[in-house]
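Below: the structure, in structure tokens.
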Amino acid sequence: MFEQLQEQPADKILALMQAFREDPREDKIDLGVGVYKDANGNTPIMRAIKDAEKRLWEEETTKAYTGLAGDPLFAERMSRLVLADAVEADAVSAVATPGGTGAVRQAFDMVRLANPDVRVHVSDPTWPNHLSILKHMGIPAIPYRYFDSETGGVDYEGMIADLSQARSGDVILLHGCCHNPTGANLTQGQWHQLIEIIKSTGATPMIDLAYQGFGDGLDEDAGPTREVAAACPETLIAASCSKNFGIYRERTGILMAVSNDTSKKKVTQGTLAYLNRQNYSFPPDHGARLVLMVLGDEGLRADWMSELEDVRTGMLELRRLLTDELRERSGSDRFGFLAQHRGMFSRLGVGPDKVEALREKHGIYMVGDSRMNIAGLNRDTVPKLAEAIIDVGI
């Protein structure tokens, strides 16, 4: 049987990480990996998480399974963090998942179960794993225009024109904030118009919310998701705790299905639990337990929010510094879009030849589509990156 297997395409980011490790240059810069790093190049454990783990070690009395949907208290507190009071509690069905990726996969499984002919509209570009999972599952992915390489912003007119062609039974996949890989986000007014377009098509919005708190703040970043959930008949939300709680390896996420018809909750919740059972049975609990502890304790929550705010403002400062350095070296504001982007990532909007030149000449590693992780920089490396960008003719 194994003789029939074919070699799968190599993961480009993992290959980039390997090439970076093998590069002997001491001044090399890794802007490819998709995790937050502090000024020393480390991905730290947040203080509140450490404190919660100490308490958990002392207080935990069992390692028995949680329910198929995970601890209901985790779902309740995460739903409140994401949705606040935008919808009634009875409108939300939810299950814990192995990371945001697990939530995305379960959402795709759910919509295919509801509609075997479902099509999913995805931004061009989008997080590559969206496309990989859809291809693996045999679900058609319909691209819609999103990023304008000339301006570094959103091609909103193209986006609206493409999404207007969606139809009832389709899913429209949106990034809730901090678009990955571009860093370019919609304005509040654009979100309002987009919601009306979605409603007119009869398609179902699905929001991937992987970076709440990394852009403009916890509530600000969740604002568009709350508006969509409040306005549309049904909404799917795949949220990750990897970034804003810094628990990447604990694989902690949640899938929420919101319906303004609360009579559907029993069937919806049962379907989500059923899908968990078919995939991995009971979801992991350690990371979810830490999150619900942090969100449920006034002191831990305050410390977490303070540290998360430091992370967010630190990335904004790096964006400002890089934009200033590029303005000084280029004599223009053509890189001003970098200061307007939000989250860890920005896309320069250049081809792989320029990306390769950055790697070969300057030891600067970023994904071939010119996505770079702003959190991979610090005050010392920002000038080097700016100099390299100008040197290779970007």
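Side-chain atoms are counted along with the backbone in the values below, which use heavy atoms only and exclude waters and symmetry mates. Predicted model, so just to flag it, every value in this text is computed and none were measured.
The environment of CD1 in I45 is sparse: at most 12 heavy-atom neighbours from other residues, nucleotides or ligands sit within 6.0 Å. Within a 6.0 Å sphere centred on CD of E309, other residues, nucleotides and ligands contribute more than 12 heavy atoms.
Here the side chains of K264 and E234 are in contact, with some heavy-atom distance below 4.5 Å. Residues L83 and V258 form a side-chain contact, since some pair of their non-hydrogen atoms from C-beta on lies under 4.5 Å apart. Counting only heavy atoms from C-beta outward, the side chains of Y144 and S123 approach each other to under 4.5 Å. Counting only heavy atoms from C-beta outward, the side chains of K199 and I195 approach each other to under 4.5 Å. Under the 4.5 Å side-chain criterion, counting only non-hydrogen atoms from C-beta, D391 is in contact with H362. When side chains are defined from C-beta on, V367 does not count as touching K12, because their heavy atoms never get closer than 4.5 Å. Side chains of I237 and T225 form a contact here, defined as non-hydrogen atoms less than 4.5 Å apart. A 4.5 Å side-chain heavy-atom check between L292 and E76 finds every atom pair outside the cut-off.
With Q212 contributing its side chain and L81 its backbone, the two residues share a donor-acceptor pair below 3.5 Å. Remark: side-chain polar atoms of S281 are not paired, donor with acceptor, to backbone N or O of R277 under 3.5 angstrom. Judged by distance alone, the side chain of Q193 and the main-chain N or O of Q190 form no donor-acceptor pair under 3.5 Å. Here the side chain of S306 pairs no donor or acceptor atom with the backbone of A302 at under 3.5 angstrom. Judged by distance alone, with hydrogens and angles left aside, the side-chain atoms of N378 form a donor-acceptor pair with the main-chain N or O of T381 at under 3.5 Å. Using a distance-only test at 3.5 Å, with no hydrogens or angles considered, no donor-acceptor pair links the side chain of D170 to the main chain of T204. At least one donor-acceptor pair closer than 3.5 Å links the side chain of D38 to the backbone N or O of N42. Of the possible polar contacts, one joining the D71 side chain to the L73 backbone as a donor-acceptor pair under 3.5 Å is found. Put simply, the side chain of W191 never gets that close to the backbone of V228: no donor and acceptor are under 3.5 Å apart. Panel note: side chain S240, backbone G99; no donor-acceptor pair is recorded below 3.5 Å.
Of all heavy-atom pairs between L209 and C177, the closest is CD1-SG, 3.9 Å. Between A94 and A69 the shortest heavy-atom distance is O-CB, 3.9 Å. Scanning both residues, G253 and F74, for their nearest heavy atoms gives O-CE2, 3.6 Å. A52 and L300 get closest at one heavy-atom pair: CB-CD1, 4.3 Å. For the pair S346 and H341, the tightest heavy-atom approach, listed with the atom from each and the gap, is OG-ND1, 2.8 Å. When all heavy atoms of T97 and I254 are compared, the closest pair comes out as OG1-N, 3.4 Å.
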Verify side chain to side chain contact (heavy atoms under 4.5 Å, CB included) between M17 and R21, making sure each step is shown before the conclusion. CA-CA 6 Å; M17 293 168 61; R21 285 192 292 267; 4.0 Å; yes
Could you go through R342 and L316, starting from their C-alpha distance and side-chain angles, then the distance that decides it, and tell me whether this counts as side chain to side chain contact (heavy atoms under 4.5 Å, CB included)? CA-CA 8 Å; R342 290 294 183 268; L316 287 178; 3.7 Å; yes
Mind running side chain to side chain contact (heavy atoms under 4.5 Å, CB included) on F108 and L134 for me, showing each step along the way? CA-CA 8 Å; F108 290 158; L134 289 169; 3.6 Å; yes
Is there a side chain to side chain contact (heavy atoms under 4.5 Å, CB included) between I133 and M137? Walk through the geometry before answering. CA-CA 6 Å; I133 295 171; M137 297 178 70; 3.7 Å; yes
Pair D117-R112, salt bridge (Lys or Arg N to Asp or Glu O under 4.0 Å): steps then yes or no: CA-CA 7 Å; D117 297 320; R112 184 174 62 176; over 6 Å; no
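Looking at residues two or more places apart in sequence or on another chain, you find a side chain to side chain contact (heavy atoms under 4.5 Å, CB included) between L56 and E60, H286, R289, L290, M293. Shown here are the side chain to side chain contact (heavy atoms under 4.5 Å, CB included) partners of R145, two or more places apart in sequence or in another chain: D155, A161, D162. For E356, the side chain to side chain contact (heavy atoms under 4.5 Å, CB included) partners at least two apart in sequence or on another chain are R359, E360. Every residue meeting the side chain to side chain contact (heavy atoms under 4.5 Å, CB included) condition with N373, not counting sequence neighbours, appears here in chain and number order: M344, F345, A375.
Residue Y274 holds its OH atom at 9.5 Å from CG of D109, rounded to the nearest 0.5 Å. Taking CD of E325 as the reference point, atom OG of S330 lies at 11.0 Å (rounded to 0.5 Å). A distance of 6.0 Å separates CG in N244 from CG in L308, rounded to the nearest 0.5 Å. Distance CG/L275 to CE/M110: 7.5 Å, rounded to 0.5 Å. Here I207 contributes atom CD1 and L173 contributes atom CG; the two are 9.5 Å apart, rounded to the nearest 0.5 Å. With values rounded to the nearest 0.5 angstrom, L174 atom CG is found 5.0 Å from I198 atom CD1.
Connectivity analysis of hydrophobic side chains (ILVMFWY, heavy atoms under 4.5 Å, direct or indirect) links L322 to I29, L31, L318, L321, L326, F335, F337, L338, L348, V350, V355, L358, I364, M366, M372, I374, L377, V382, L385, I389, I390, V392, I394.
Under the 6.0 Å cut-off for aromatic ring centres, H179 and Y146 qualify, their centroids lying closer than that.
Side-chain contact annotation: H175 with T126, donor-acceptor N/O pair under 3.5 Å present. Remark: the S263 side chain and the D261 side chain contain an N/O donor-acceptor pair separated by less than 3.5 Å. Inspection of the S149 and R347 side chains reveals no N or O donor paired with an N or O acceptor under 3.5 Å.
Classification of the W127-H130 ring pair by plane angle, with boundaries at 30° and 60°, yields perpendicular.
Residues V122 and I197 do not share a hydrophobic cluster, clusters being chains of Ile/Leu/Val/Met/Phe/Trp/Tyr side chains in contact below 4.5 Å.
Among pairs with a residue in residues 2-50, those fulfilling ring pair (Phe, Tyr, Trp, His ring centres under 6.0 Å) read F20-Y365, at least two apart in sequence or across chains.
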